[in-house]
Amino acid sequence: MPCGMRAQEPSIVILTGAGISAESGLPTFRDKDGLWEGQRVEDVACPQAFARDPERVQRFYNLRRAALRTVEPNAAHLALARLQQAWPGRVTLVTQNVDDLHERAGSTAVTHMHGELQMVRCDFCGHRMEWLDELHTTTVCPVCLRSRGLRPDIVWFGEIPFHMDLIQDAVEASTLFVAIGTSGQVYPAAGLVQVARAVGAATLEINNAQTAVSGCFDHHRIGPASVEVPRWVEGLLAG
Ligand code: BV8
């Protein structure tokens with residue numbers, strides 16, 4: 001390498017899951033007090049459920065949308081925002097979460113592969129818009145003026161996640177892949193670590209427990225995200 005040239009700074013891809021928002025007070029999906037308990041996922045997070053009982057699904061998301069107003073980003077979200085600002089190489093932040101805590105912590109260009117709780121779209125005309133209040137089957141789309149078409153702009157089971165080309169390209173170009181607070185049970189997100197390994201990227205899992213995919217990671221930091229993520233970021237930035 002010519003003198004004076006620094007080794008290319010690692011290109012980092014970070015994948016977050018519900019565990020990074022747990023200490024902010026948002027329940028995860030599969031922990032003991034998880035969201036899915038008391039609710040069969042088939043009853044609330046798939047197109048068939050929405051067709052069968054739209055008001056039940058709207059209620060599920062109305063409650064979660066309202067909860068966003070009661071929580072704040074935690075130290076893990078803030079540390080990732082700092083990393084994005086301070087890291088000289090590329091940092092791609094991909095989240096399975098539909099909350100806005102990364103953005104409120106100061107992160108930019110957050111890739112929500114499962115959509116966003118504060119966005120809705122019309123199944124009839126495709127119109128997308130920000131929506132912070134309750135949504136009901138009677139809510140009329142402001143563009144096509146039809147009711148019963150507006151739904152949360154969220155990827156349900158059986159639907160294709162958003163931004164998959166961007167995510168695949170970023171992981172294939174990465175030299176470090178970090179999964180934070182995800183159980184590794186939902187695909188294609190859970191398979192991204194294999195894409196990273198296939199291109200020779202280093203892999204790190206930050207979680208407060210073992211997961212279904214812990215064996216795929218080279219490195220692990222076990223503990224709460226609000227403690228382990230800031231420690232990891234500070235160590236990385238300190239070189
Ligand atoms: C797709 C939006 C095709 C809704 C979500 C068999 C039958 C049918 C389908 C499938 C099948 N096998 C595979 C599939 C595909 C299916 C799937 O994976 N099913 C699983 C359940 C088997 N996937 C799909 O349907 C996807 N679509 O495959 O389309 C395709 C794909 C690619 C290209 C072309 C075509 C769509 C999946 C998206 C579903 N929507 N969410 C909503 O949010 O309401 S998934 C849902 O799970 C959330 O998005 C959530 O983010 C995601 C993953 O959960 P986690 O984030 O990991 O949360 P979890 O509670 O599980 O874990 C929390 C973790 O945090 C734990 O590890 C815990 O230890 C840790 N933790 C807790 N506290 C802390 C902590 N860590 C650190 N600190 C703490 N304090």
Side-chain angles (χ1 to χ4, degrees), residues 14-37 39-50 56-65 67-68 71 73-77 79-80 94-102 110-120 135 151-168 171 178-195 204-214 216-217 220-232:
I14 298 165
L15 172 69
T16 63
I20 198 170
S21 299
E23 290 163 90
S24 292
L26 291 181
T28 63
F29 293 85
R30 296 170 185 88
D31 287 329
K32 60 184 182 337
D33 55 354
L35 260 181
W36 301 126
E37 282 185 0
Q39 297 265 27
R40 284 173 358 106
V41 66
E42 295 75 13
D43 295 343
V44 285
C46 60
Q48 297 79 358
F50 189 61
R56 177 176 186 179
V57 175
Q58 298 287 23
R59 243 188 342 268
F60 178 64
Y61 288 98
N62 288 342
L63 288 172
R64 292 171 67 193
R65 198 174 298 112
L68 288 186
V71 297
N74 64 56
H77 299 103
L80 293 186
V94 180
T95 186
Q96 300 170 89
N97 300 340
V98 294
D99 64 56
D100 62 343
L101 293 178
H102 282 303
V110 182
T111 300
H112 285 271
M113 67 184 295
H114 291 165
E116 297 175 72
L117 204 44
Q118 296 184 319
M119 292 295 290
V120 300
L135 193 65
R151 58 163 279 185
D153 191 22
I154 279 183
V155 179
W156 286 330
F157 286 98
E159 296 184 324
I160 299 175
F162 298 151
H163 315 300
M164 285 309 294
D165 291 343
L166 177 152
I167 295 167
Q168 183 80 13
V171 177
V178 187
I180 302 171
T182 179
S183 63
Q185 296 187 45
V186 174
Y187 287 81
L192 292 175
V193 62
Q194 297 292 11
V195 177
L204 165 66
E205 183 181 57
I206 302 177
N207 201 301
N208 68 353
Q210 290 289 314
T211 71
V213 291
S214 290
C216 302
F217 289 83
H220 303 84
R221 299 183 76 116
I222 303 275
S226 66
V227 171
E228 292 305 327
V229 176
R231 275 186 186 159
W232 168 65

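Counting convention: from 1, in listed order, for ligands and their atoms alike. Basis for what follows: all heavy atoms, side chains included, without hydrogens, waters or symmetry-related copies.
For ligand 1, the polar-atom distance check finds no N/O of A209 at less than 3.5 Å from any of the ligand's N/O atoms. Remark: ligand 1 and V155 share an N or O pair separated by less than 3.5 Å (distance only, no angle test). Between T211 and ligand 1, not a single N/O pair is under 3.5 Å apart. Distances between N or O atoms of V98 and those of ligand 1 include no value under 3.5 Å.
Residue contact check for ligand 1: M113 places no non-hydrogen atom closer than 4.0 Å to it.
Between atom 55 (P) of ligand 1 and the options V186, D99, T182, the minimum heavy-atom separation is to T182. Compare Y61, Y187, F157 by their heavy atoms: the one nearest to atom 26 (C) of ligand 1 is in Y187. Checking Q168, Q185, R64 against atom 42 (C) of ligand 1, the nearest heavy atom belongs to R64.
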After noting the C-alpha distance and the side-chain angles of R64 and V98, does the key distance pass the side-chain contact (heavy atoms from CB on, under 4.5 Å) rule?
-> CA-CA 10 Å; R64 292 171 67 193; V98 294; 3.5 Å; yes
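Every atom of ligand 1 is numbered from 1 in the order shown, and the set under 4.0 Å from a heavy atom of A18 is 55 (P), 56 (O), 58 (O). Distances below 4.0 Å separate heavy atoms of A22 from the following atoms of ligand 1: 73 (N). Every atom of ligand 1 is numbered from 1 in the order shown, and the set under 4.0 Å from a heavy atom of W156 is 36 (C), 39 (C). Of all the atoms in ligand 1, the ones that sit under 4.0 Å from a non-hydrogen atom of G181 are 63 (C), 64 (C), 65 (O), 76 (N). Residue G158 has at least one heavy-atom neighbour below 4.0 Å for each of these atoms of ligand 1: 24 (C), 25 (O). Listed by atom number, the atoms of ligand 1 under 4.0 Å from E23 heavy atoms are 78 (N), 79 (C), 80 (N). Here is the list of ligand 1 atoms found below 4.0 Å of a heavy atom in I154: 2 (C), 4 (C). Each of the atoms 35 (C) of ligand 1 lies under 4.0 Å from some heavy atom of I160.
Interatomic distance, I167 CD1 to T111 OG1, rounded to the nearest 0.5 Å: 6.0 Å. Taken to the nearest 0.5 Å, the OG1 atom of T95 stands 11.0 Å off from the CD1 atom of I14. Distance check: I180 CD1 to L15 CG gives 8.5 Å after rounding to the nearest 0.5 Å. Going from atom OG of S214 over to atom CD1 of I222 covers 6.0 Å, rounded to the nearest 0.5 Å. Interatomic distance, CG of D99 versus CD of Q118, reported as 9.0 Å (0.5 Å rounding). Here the straight-line distance linking atom CD of Q96 with atom CD1 of I20 works out to 11.5 Å at 0.5 Å rounding.
When side chains are defined from C-beta on, L68 counts as touching L26, because their heavy atoms get closer than 4.5 Å. No side-chain heavy atom of Y61 sits under 4.5 Å from any side-chain heavy atom of L135.
Counting heavy atoms closer than 4.0 Å to ligand 1, residue A225 contributes atoms from both its backbone and its side chain. Residue contacts with ligand 1, taken as heavy atom pairs separated by less than 4.0 Å, involve P161 solely via side-chain atoms from C-beta onward. Of the heavy atoms in M164, none comes closer than 4.0 Å to ligand 1.
Side-chain polar atoms of N62 and R59 form no donor-acceptor pair below 3.5 angstrom.
The side-chain contact (heavy atoms from CB on, under 4.5 Å) test with V229 singles out one residue from I206, V178, N74, T16, and that residue is I206.
Using the six-membered ring where Trp is involved, H102 and H77 have ring planes that are perpendicular, over 60° apart on the 30 and 60° scheme.
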